[in-house]
Protein chains: 2
Amino acid sequence: MTIASHALTPMLRKLRLWRHLTAREEEALLNLPHHVISTDRLQTLVNDGDVVSHAWLILSGFCVRFKIVGDGGRQILSIHMMGDLLDLQNAILGVADHGIQTLTKCEMARIPLAAIKTLTDVEPNIKDTLWFDTLVDGSIHREWVANVGRRSGKTRVAHLLCEFALKLEAVHPGDQLKYELPMTQEQLADATGLTSVHVNRVLQALAADGLIQRVTSKSILIGDWKKLATAGDFNRSYLHLDAAVRRAGTS
Amino acid sequence: MTIASHALTPMLRKLRLWRHLTAREEEALLNLPHHVISTDRLQTLVNDGDVVSHAWLILSGFCVRFKIVGDGGRQILSIHMMGDLLDLQNAILGVADHGIQTLTKCEMARIPLAAIKTLTDVEPNIKDTLWFDTLVDGSIHREWVANVGRRSGKTRVAHLLCEFALKLEAVHPGDQLKYELPMTQEQLADATGLTSVHVNRVLQALAADGLIQRVTSKSILIGDWKKLATAGDFNRSYLHLDAAVRRAGTS
DNA sequence: CGTGGGTTTGACACACTTCAAAAATAGTGG
DNA sequence: CCACTATTTTTGAAGTGTGTCAAACCCACG
């Protein structure tokens with residue numbers, strides 16, 4: 001059985017961004033026990049408060065993590081895609097402090113935390129890699145705090161579009177200047193702390209300025225990456241996508 | 001030399017919240033090489049973009065982590081106090097994605113990342129504990145995303161006051177219904193994504209409703225914890241303060 | 001072809017911002 | 001312990017980005 005034929009392969013592509021893994025380590029990761037599930041669109045996989053004992057790996061499709069606040073409002077905390085190991089945080093913390101929902105139909109692998117623990121206990125480099133992965137997650141959270149806390153509506157949306165394009169590019173190389181954004185304007189609003197009505201107007205404004213083109217309602221084309229990044233006050237460093245490169249270069 | 005006389009003792013009080021540590025492990029943590037620094041108020045210890053090779057442990061005083069956005073606005077990302085191991089994130093990620101600044105005069109211990117790495121490589125339980133610590137950090141970030149993204153000004157400020165009281169209580173047991181909040185209204189504004197003018201009005205409103213009393217400009221007294229928690233849409237679970245208790249009970 | 005989710009529009013409301021000045025407080029040195 | 005200054009808080013008035021509500025429109029899909 002070659003590596004490519006393993007179900008969990010997408011995870012490797014992601015983890016390799018953070019650290020070098022030996023062939024043996026990659027093999028061990030691929031051999032993690034799991035079972036694969038096909039989900040519907042808009043399916044809630046984990047609820048805030050759940051006792052969690054599994055991690056979810058996205059094999060295909062898109063998910064979000066979210067919180068519901070007191071007045072019923074919803075805040076999306078992060079957007080995830082192929083290769084993302086979701087909910088390791090919840091699993092290790094034991095009790096979920098947020099929910100997880102699919103945006104599209106997904107293929108997900110459900111991996112018992114116990115198996116991950118067993119593996120990381122004998123493979124320190126894997127533990128470090130997973131730790132690193134959760135740290136990058138934290139870094140993205142921090143950027144989002146700044147995004148919803150201190151940026152204008154237009155800037156927030158532009159920033160989100162940039163982040164999505166870059167994350168997509170990282171796990172799915174190819175020119176991601178045009179992509180399908182699997183989110184309704186309402187979901188975009190939940191991610192940026194705006195209302196769907198305002199998101200609609202912002203998207204129109206971005207299109208009017210030529211920063212994006214709206215091919216269909218779900219498909220956007222970045223008209224001018226540099227301008228969009230500027231408008232979105234976007235600096236990719238918080239994604240730490242160059243971590244492995246930097247590591248290889250300096251040590 | 002007894003444990004209590006070690007400079008790094010405050011760290012233990014914090015880490016014990018997350019997991020049980022053996023006497024040997026605690027000893028090893030206390031023996032981490034470090035040197036202690038006394039800082040001024042409003043001193044910037046780390047800047048966004050810095051190459052970081054040390055972690056900071058707060059021995060006394062208060063610090064914040066922050067980001068500056070494109071238009072010059074500042075967003076505070078988290079507030080830290082005695083026992084918090086700051087900047088382990090930045091250190092492991094290698095390049096700082098945010099800055100660190102003191103709010104008050106502080107005693108800080110500067111610990112080389114290399115020493116932490118050496119220690120965690122031979123003490124897996126310590127590595128797990130530090131990982132857990134960074135995961136709780138992430139959980140707090142998520143709550144902040146929801147706080148600044150989806151809550152009203154009044155709710156945001158009330159939420160912050162609740163969080164501060166509970167974190168203080170965790171490392172400094174005693175009744176923290178009255179405490180000194182070492183932040184100006186401008187800093188409060190930077191933490192909540194509001195303006196200082198609005199924070200001022202919100203504080204007056206909270207006081208008018210009897211939820212807090214403003215003893216001096218820096219000292220607040222929580223008039224009615226339950227009501228303040230309700231007004232702040234505050235649920236302590238995201239702080240994971242009961243993690244160690246839960247762990248001891250179930251395993 | 002309905003039909004229901006998603007998008008778009010318009011008119012209006014308001015939470016929060018902006019600007020600017022006054023009042024209070026804290027810090028400093030004599 | 002008082003004067004002097006800088007910082008922080010407070011207040012007022014006016015502006016605006018974003019929210020609210022509600023209706024119309026547009027498709028994708030069964």
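If you're wondering where the values come from, they're calculated on a predicted model, not measured in any experiment. Chain letters run A, B, ... following the sequence lines, proteins first and then strands; every chain starts at 1.
- Atoms CZ (A:Arg156) and P (D:dG17) sit 13 Å apart, rounded to a whole Å.
- Within the nucleic acid shown, B:Ser152 comes within 4.0 Å of sugar-phosphate atoms alone, with no base atom in reach, counting heavy atoms only.
- Within the 4.0 Å cut-off from OP1 or OP2 of D:dT11, at least one side-chain nitrogen or oxygen of B:Gln204 is found.
- For A:Gln101 and A:Arg74, the side-chain atoms include at least one donor-acceptor pair closer than 3.5 Å.
- At least one side-chain nitrogen or oxygen of A:Arg214 sits closer than 4.0 Å to the OP1 or OP2 atom of C:dT8.
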Review item, nucleotides 6-8 of chain D N/O atoms under 3.5 Å of protein N/O:
from, atom 1, to, atom 2, distance (Å)
D:dT8, OP1, B:Arg41, NH2, 3.1

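- The 12-atom threshold is not exceeded at CD of A:Glu186, counting heavy atoms of other residues, nucleotides or ligands nearer than 6.0 Å.
- Between the CZ atom of A:Arg201 and the P atom of C:dT8 there is a distance of 11 Å, rounded to whole Å.
- Computed from coordinates, the A:Leu203 CG to C:dG6 P distance equals 15 Å when rounded to whole Å.
- For B:Asp48, the salt bridge (charged side-chain N to carboxylate O under 4.0 Å, His left out) criterion is met by no residue, not counting sequence neighbours.
- Looking at B:Gln89 and B:His98, their side chains never bring a donor and an acceptor atom within 3.5 Å of each other.
- Between the C1' atom of C:dC14 and the NE2 atom of B:His198 lies a distance of 11 Å, rounded to the nearest Å.
- A:Gly193 comes within contact range of the sugar-phosphate backbone alone, with a heavy-atom separation under 4.0 Å but no base atom that close.
- Ion pairing between a basic and an acidic side chain is recognised when a charged N comes within 4.0 Å of a carboxylate O; A:Arg150 and B:Asp190 show such pairing.
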I'd like a list of close polar pairs between nucleotides 24-29 of chain D and the protein, N/O only, cut-off under 3.5 Å.
none

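- B:Asn200 has no side-chain polar atom (N or O) that falls below the 4.0 Å cut-off from OP1 or OP2 of D:dT9.
- Among the nucleotides C:dC16, C:dG10, D:dT10, the one closest to the side chain of B:Leu194 is C:dC16.
- Using modelled atom types and a 3.5 Å distance limit, the side chains of A:His240 and B:Asp97 yield a donor-acceptor pair.
- Of all heavy-atom pairs spanning A:Cys63 and A:Cys106, the tightest one is SG-SG, 3.9 Å.
- Ring-plane geometry between A:His159 and A:Tyr238 is classed as parallel, the angle between the planes falling under 30 degrees on a 0 to 90 degree scale with a further cut at 60.
- A donor and an acceptor atom, one from each side chain of B:Thr102 and B:Gln43, are nowhere located under 3.5 Å apart.
- Note: CG (B:Asp190) to C1' (C:dC16) measures 15 Å, nearest angstrom.
- In this structure, B:Asp71 places its CG atom 14 Å from C1' of C:dT18, rounding to the nearest Å.
- In the set D:dT10, D:dG19, C:dT18, C:dT18 carries the atom at the smallest distance from any side-chain atom of B:Thr195.
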